[in-house]
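Keep in mind the model is a prediction, meaning the values are calculated, not measured. Read the numbers this way: they start at 1 and go in the same order the structure lists the ligands and their atoms.
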Amino acid sequence: MKRTLFTLTLVSVILVNLFAEDGHNLWLRNKNTGNVTVVCSEKSATIGIAVQELKQGWQGMDGATITLKIKKDKAIKNDGFKLSPTQIQSNTPLGILYGTYELLRRQQTGEPIEDKVVYNPSYEVRTLNHWDNLDGTIERGYAGHSIFWDKEKNLLTPTVQEKLRWKEYARANASIGLNGSVLNNVNASPDMLTAGILKRVKEIADVLRPYGIKTYISVKFSSPVLTGGLKTSDPLDPTVIKWWNDKVKEIYKLVPDFGGFLVKASSEGQPGPQDFGRTHADGANMLADALKPFGGIVMWRAFVYSPSDKDRAKQAYNEFMPLDGQFRDNVIIQVKNGPIDFQPREPFSPLFGAMKKTSVMPELQITQEYLGHSIHLVFLSTMWEELLKSDTYQQGEGSTVARCTDGSIYNQKYTAIAGVSNIGLDTNWCGHDFAQANWYAFGRLAWNNQLTSPEIADEWIKLTFENDSLRNITTDWTENFLIPVKQMMMQSREAAVNYMMPLGLHHIFSANEHYGPGPWWAPKGMRADWTPPYYHQADSQGIGFDRTHSGSDAVSQYHEPLCSQFNDVKTCPEIYLLWFHHLSWDYKMKSGRNLWDEICYHYDTGLNKVREFQKTWDKVEKYVDVERFKKVQCKLRSQSRNAQIWKDACLLYFQQFSKKPIPYKLERPVYELDELMKNDSIRISKAN
Ligand code: BDP
């Protein structure tokens with residue numbers, strides 16, 4: 001009897017674990033509900049995947065036939081496709097695969113499939129940047145170790161398990177239209193270019209290829225000296241040029257469709273052409289020339305700033321604008337969304353649209369370095385949409401960042417977009433189940449930069465949380481799960497801005513971990529532009545960074561009418577107010593409150609929003625599997641406690657300067673400033 005009971009318990013434990021929802025399947029959960037016959041005269045690994053996906057995931061009419069047709073059509077660009085209910089047409093096998101995923105997504109989410117609709121990608125190159133180090137750690141990664149690198153395994157033949165992970169990764173990327181992976185950190189190890197590591201690059205590339213994912217690597221500019229044993233890495237030195245040419249040839253022998261290099265040079269201590277008195281153009285062009293015969297590209301980052309500059313926000317523009325027109329056509333300047341560094345909110349980088357004779361690509365950060373790591377629920381799609389829709393006015397009204405970078409306005413040889421990845425070896429890939437939505441959203445926007453965040457959230461929720469019993473999406477599920485969860489996602493980024501750094505405040509994190517609040521953080525001897533007081537400039541008079549004509553004049557880097565609009569405190573959008581202006585605590589806001597009170601209200605609103613999210617989530621419990629429900633519930637609790645710490649730390653700290661009471665209607669702080677400052681807000685936040 002005892003034995004039977006034991007066996008039964010054991011079996012049920014195994015079964016529960018087998019079916020436990022661990023989030024690993026991402027948004028790819030569609031199982032077929034009927035048979036389909038797939039007709040295709042072409043054969044290739046990519047087409048094979050498309051056929052398999054259709055059979056596995058078909059949810060259309062049982063017994064239907066679908067034709068996959070590779071036929072040139074002028075309306076179809078790159079790997080775009082033409083979709084009809086019974087046919088997918090494309091110029092390339094990869095386009096057929098993308099069409100397959102679009103069709104299956106539409107079947108699963110209940111979106112219509114009309115006749116002969118053409119879908120073309122907004123950007124030709126759609127990459128994930130992995131800040132993965134060769135020892136397996138990930139810079140700013142919050143979801144476990146690297147899926148590509150491990151110091152024990154780098155030089156060994158990849159295991160079946162590793163290859164399976166790479167394949168799942170490639171499939172997930174292809175399903176949302178991504179077509180490139182930069183395999184290693186922009187702070188690149190010179191070892192990346194050694195024979196043993198390049199062999200692994202080849203192994204990875206072989207697994208990614210059938211899914212249409214091209215492989216790229218980040219390179220260290222001083223590699224000729226560090227791995228090549230040369231005396232210099234000067235980009236104009238003939239021995240250096242030859243070294244890179246030979247290295248590129250070696251790479252293409254291993255990876256014939258290699259995509260190219262990503263380079264962080266003369267930035268944050270990384271070596272670069274400026275070490276030899278050369279320009280960014282000299283450096284980038286030398287690499288571009290080596291890659292050109294093979295069709296490779298150079299993505300050269302514009303993330304540069306030096307401690308001597310009065311305003312870090314101005315530096316990239318100052319350094320790169322004079323070089324406009326000097327880059328080869330296979331160089332793309334990779335520009336972060338804002339002029340500082342992936343803050344919860346920044347105005348767009350003034351380089352977008354301003355460089356008219358150079359290809360420029362946006363770099364977004366999917367990993368939540370500055371937005372709560374993998375603890376806070378923050379849907380980043382709304383932030384990216386805000387960027388893409390920002391009007392630069394560079395070629396008249398409507399010159400949005402999207403249009404300035406996707407080839408609609410400027411005739412770029414290549415168009416591209418990059419997202420700094422948030423994935424690692426965690427079972428659910430991203431740490432937070434909702435962080436998967438950011439990976440998803442990045443892919444969808446890279447494919448179609450006109451999509452809206454509610455559309456993306458809608459798709460993602462349906463694909464990720466819908467289960468078998470909900471296959472025919474019910475009104476009950478829509479009203480009580482889809483709508484509230486979507487609303488929570490849509491409000492989540494603004495909530496984070498509010499409880500972290502509202503009204504244009506930025507970079508007030510404690511220490512280099514970029515997690516908890518630290519408006520006071522300024523260790524002795526630290527570079528000023530790495531400390532929060534440099535950014536908030538709070539004093540007894542007021543708060544904010546004066547970037548007007550009478551301040552650092554960063555406003556002048558924006559095209560009119562933005563320059564005047566940002567410069568004038570009356571027309572500057574309040575979301576950017578303290579980014580561009582230093583204002584008195586008594587400054588009268590549009591709401592009628594003074595600035596101090598307004599700041600208090602924003603922090604309070606942010607905190608209350610997170611509390612509301614907790615309620616929203618608890619209410620949807622019966623629609624979610626128990627595992628994901630509990631995990632998200634627990635993370636929301638931490639987020640709520642962290643939001644309290646943010647509010648208390650910032651308000652109590654700034655109050656020392658404003659000398660004003662927190663409006664009496666608002667909840668009082670619950671932490672002591674001393675305690676937060678002494679014990680380091682990060683540790684308190686993380687322990688909470
Ligand atoms: C900052 C990160 C740092 C990166 C750097 C970069 O804090 O870890 O190396 O950006 O983008 O956001 O190069």
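Aromatic rings from Tyr499 and His376 are positioned such that their centres are separated by under 6.0 Å.
Within the 4.0 Å heavy-atom shell around ligand 1 one does not find Gln365.
Taking the ring axis of Phe545 as reference, the NZ or CZ atom of Arg547 stays within 45° of it and closer than 6.0 Å to the ring centre.
The protein atom (non-hydrogen) at minimum distance from atom 12 (O) of ligand 1 is Asp341 OD2, 2.7 Å. Protein heavy atom closest to atom 13 (O) of ligand 1, with residue, atom name and distance, is Lys264 NZ, 2.6 Å. With hydrogens left out, the protein atom closest to atom 4 (C) of ligand 1 is Glu139 OE2, 3.6 Å, a heavy atom.
By the 4.5 Å heavy-atom criterion applied to side chains, His130 and Ile423 are counted as neighbours. Proximity of Trp244 to Met286: side-chain heavy atoms (C-beta onward) are separated by under 4.5 Å at one or more points.
Close approach of ligand 1 to Phe303 is summarised as follows: ligand atoms under 4.0 Å from at least one heavy atom of the residue are 5 (C), 6 (C), 10 (O), 11 (O), 13 (O). Atoms of ligand 1 lying under 4.0 Å from at least one heavy atom of His514, given by number and element, are 7 (O). Below 4.0 Å from some heavy atom of Trp131 lie the following atoms of ligand 1, by number and element: 4 (C), 6 (C), 10 (O), 11 (O). Heavy-atom contacts of Asn187 reach the following atoms of ligand 1: 9 (O) (cutoff under 4.0 Å).
To the nearest 0.5 Å, atoms OH (Tyr535) and CZ (Phe509) are separated by 11.5 Å.
The N/O atoms of Glu363, backbone and side chain alike, include none that comes under 3.5 Å of an N/O atom in ligand 1.
Taking 4.0 Å as the cut-off between side-chain N and carboxylate O, Arg345 and Glu386 count as a salt-bridged pair.
Between atom 10 (O) of ligand 1 and the options Glu268, Lys336, Glu369, the minimum heavy-atom separation is to Lys336.
Of the listed residues (Leu287, Asn330, Leu262, Asp329), just one forms a side chain to side chain contact (heavy atoms under 4.5 Å, CB included) with Ile297, and that residue is Asn330.
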